[in-house]
Amino acid sequence: MLINHRSKLSTTHRNLCNFTISLLFFVFLSIPLLNAQNMSLAAENAELELLSDRFAFTEGPAADRKGNVFFTDQPNNHIWKYSIDGELTLYMDEAGRSNGMYFDHKGNLLTCADEKSQLWRINPDKTVEVLVDQFRGKRLNGPNDLWVDPKGGVYFTDPYYQRDYWERTEPELDQQRVYYLTPDRQEVVIVADELVKPNGIIGTPEGETLYVADIGDQKTYSYAIESNGHLSDKTEFTDMGSDGMTIDEQGNIYLTGDGVTIFNKAGKQVEHIPVPENWTANVTFGGSDRQTLFMTASTSVYTLKMNVEGR
């Protein structure tokens, strides 16, 4: 009996040791992962910097391939450029009251030209081509934000915001939708029409998922992107709407309004960047390393150095 008892104790001891070693091994492996998850997305000791506050209302930041950032001063009908060399210059006057902007794969600047409810392509020589100005014979509400997919197709939101520079006082279309301009530029199709007031929009670099902020319902949704550009599998991402949006290399989604609120891919809030303005309208990554966050906020533009790159 004594021998059997010692054998049982020995076995128990070995099992306990093995469990302890396994636990320590798990904890050891988990430490770097936990640190990485808890690491601030902003660079160490980074502070919010005011780039300029000379504007009436800033919107639509977009970065070209080099990292130069373009943004709009919509009430003044201007597009400005902030170069990677730190120079701020007026890029275009008479800019169609451009709102959201995005660069296509050929280096053209696409803009939501709100003055006449159009979608513009501004070529590098600054010539303008109207890509879209109506849907089924009716004037669009007012394209607000857009994203270009890997195939070159363009998703854009079309909410209705009454402008004081419009002669019309009501929309011609009965719904506020998300549309898709096909890569061949031959067709505009409805891809989401069950939203209250779609606004900010961004997609994943691989073209698998599209995020749309319904600012009218204070929700942001994710959609699966089908091979033909259509959307499916609408899922609530978070119960927060947004004006503009961007995405980083980790798949975090940046929403705007009260500063910038950052959510991970699971829709969990991971960080908030306070901005000392009444409203933060839009956001993008720029700079030569794509690690500077540019925020258009009311009359100003702010920057913040980040630990992550934009996509």
Side-chain angles (χ1 to χ4, degrees), residues 60-67 69-70 99-112 119-122 131-132 135 143-159 177-195 198-214 219-238 242-256 262-267 282-286 289-291 293-294 306 308-311:
D64 64 14
R65 292 173 183 172
K66 294 180 179 179
V69 173
F70 297 71
N99 201 321
M101 304 193 296
Y102 204 91
F103 278 90
D104 69 14
H105 304 315
K106 296 181 179 180
N108 304 304
L109 182 59
L110 306 187
T111 82
C112 294
L119 197 66
W120 281 11
R121 176 168 62 200
I122 304 173
L131 298 179
V132 182
F135 180 71
N144 186 276
D145 205 0
L146 73 162
W147 175 70
V148 181
D149 71 12
K151 297 178 181 179
V154 183
Y155 292 91
F156 65 94
T157 57
D158 187 44
R177 304 180 173 109
V178 180
Y179 295 94
Y180 181 63
L181 174 62
T182 55
D184 61 8
R185 305 290 187 261
Q186 297 301 304
E187 187 178 8
V188 176
V189 297
I190 300 168
V191 290
D193 61 358
E194 72 289 354
L195 303 168
N199 200 311
I201 190 169
I202 197 70
T204 56
E206 301 79 13
E208 297 176 348
T209 305
L210 185 73
Y211 295 90
V212 179
D214 187 351
K219 307 283 186 186
T220 296
Y221 297 97
S222 66
Y223 296 84
I225 300 176
E226 305 296 334
S227 59
N228 61 359
H230 289 238
L231 304 178
S232 63
D233 193 24
K234 178 186 178 185
T235 304
E236 183 177 322
F237 177 70
T238 184
S242 185
D243 196 340
M245 304 171 69
T246 196
I247 187 172
D248 69 24
E249 61 183 335
Q250 296 179 0
N252 298 308
I253 304 298
Y254 296 63
L255 305 186
T256 63
I262 308 172
F263 296 83
N264 64 19
K265 290 186 287 187
N282 216 324
V283 62
T284 198
F285 281 87
D289 58 1
R290 293 277 177 163
Q291 286 190 297
L293 195 65
F294 286 78
M306 304 294 288
V308 290
E309 294 180 21
R311 288 291 180 262

- For Ala62 and Met101, the nearest pair of non-hydrogen atoms, with its separation, is CB-O, 3.6 Å

- Keeping the roles fixed (side chain from Ser242, backbone from Thr256), state whether a donor-acceptor pair exists under 3.5 Å. yes

- Task: Might you work through the salt bridge (charged side-chain N to carboxylate O under 4.0 Å, His left out) test for Glu194 and Lys234, ending with a clear yes or no?
- Result: CA-CA 10 Å; Glu194 72 289 354; Lys234 178 186 178 185; 3.3 Å; yes

- Message: If I compare all heavy atoms of Phe285 with all of Val308, which pair ends up nearest, and what's the gap?
- Response: CE2-O, 3.6 Å

- Query: Can you tell me how far OG of Ser227 sits from NZ of Lys151, rounded to the nearest 0.5 angstrom?
  - Reply: 5.5 Å

- State, without any angle test, whether Gln250 and Asn252 hold a side-chain donor-acceptor pair at a distance under 3.5 Å. yes

- Task: Could you tell me the separation between the CE atom of Met306 and the OH atom of Tyr254, rounded to the nearest 0.5 Å?
- Result: 4.0 Å

- What do the steps show when you test Val191 against Tyr179 for side-chain contact (heavy atoms from CB on, under 4.5 Å), and what is the final call? CA-CA 5 Å; Val191 290; Tyr179 295 94; 5.7 Å; no

- Item | Atom pair OG1 (Thr209) and CD1 (Ile202), whose distance is rounded to the nearest 0.5 Å | 12.0 Å

- Task: Take Leu255 and Thr238 through the test side-chain contact (heavy atoms from CB on, under 4.5 Å) and record every step on the way to the result.
- Result: CA-CA 10 Å; Leu255 305 186; Thr238 184; 3.8 Å; yes

- Interatomic distance, Asp248 atom CG to Arg290 atom CZ [nearest 0.5 angstrom]: 13.0 Å

- Intermediate values then yes/no, side-chain contact (heavy atoms from CB on, under 4.5 Å), Leu110 and Leu146: CA-CA 8 Å; Leu110 306 187; Leu146 73 162; 3.5 Å; yes

- Message: Is there a side-chain contact between Met245 and Ile253 in this structure, where contact means two heavy atoms from C-beta onward sitting under 4.5 Å apart?
- Response: yes

- Message: Distance alone, cut at 3.5 Å: any donor-acceptor contact between the side chains of Thr182 and Glu187?
- Response: no

- Query: Taking atom CD1 of Ile247 and atom CD1 of Ile262, what is their separation to the nearest 0.5 Å?
  - Reply: 12.5 Å

- Task: Grab the two heavy atoms, one from Gly153 and one from Arg185, that are nearest each other, plus how far apart they are.
- Result: CA-NH1, 4.4 Å

- Item | Name of the residue among Val188, Val178, Leu131 meeting side chain to side chain contact (heavy atoms under 4.5 Å, CB included) with Phe156 | Val188

- Query: Is Asn282 close to Thr284 at the side-chain level, that is, under 4.5 Å between some pair of heavy atoms?
  - Reply: no

- Any donor-acceptor pair under 3.5 Å from Thr157 side chain to Asp145 backbone: yes

- Query: Between Pro143 and Cys112, what is the shortest heavy-atom contact and its length?
  - Reply: O-CB, 3.0 Å

- Interatomic spacing from CZ in Phe103 to CZ in Phe70 - rounded to 0.5 Å: 4.0 Å

- Distance-only, no hydrogens or angles: does the Tyr155 side chain make a donor-acceptor pair with backbone N or O of Gly229 under 3.5 Å? yes

- Message: To check you understand the geometry: which heavy-atom pair defines the closest contact between Val154 and Val148, and what is its length?
- Response: CG2-CG2, 4.3 Å

- Task: Could you check Asp158 against Asn144 for side-chain contact (heavy atoms from CB on, under 4.5 Å), going step by step and ending with a plain yes or no?
- Result: CA-CA 6 Å; Asp158 187 44; Asn144 186 276; over 6 Å; no

- Message: Has Gln186 got a side-chain atom pairing as donor or acceptor with Asp184's backbone, closer than 3.5 angstrom?
- Response: yes

- Heavy-atom closest pair (Thr246 atom, Val283 atom, distance to 0.1 Å) is CB-O, 3.6 Å

- Task: Ignoring hydrogens and angles, tell me if any N or O in the side chain of Thr235 forms a donor-acceptor pair with the backbone of Asp233 under 3.5 Å.
- Result: yes

- Does Phe237 have its ring centroid less than 6.0 Å away from the ring centroid of Tyr221? no

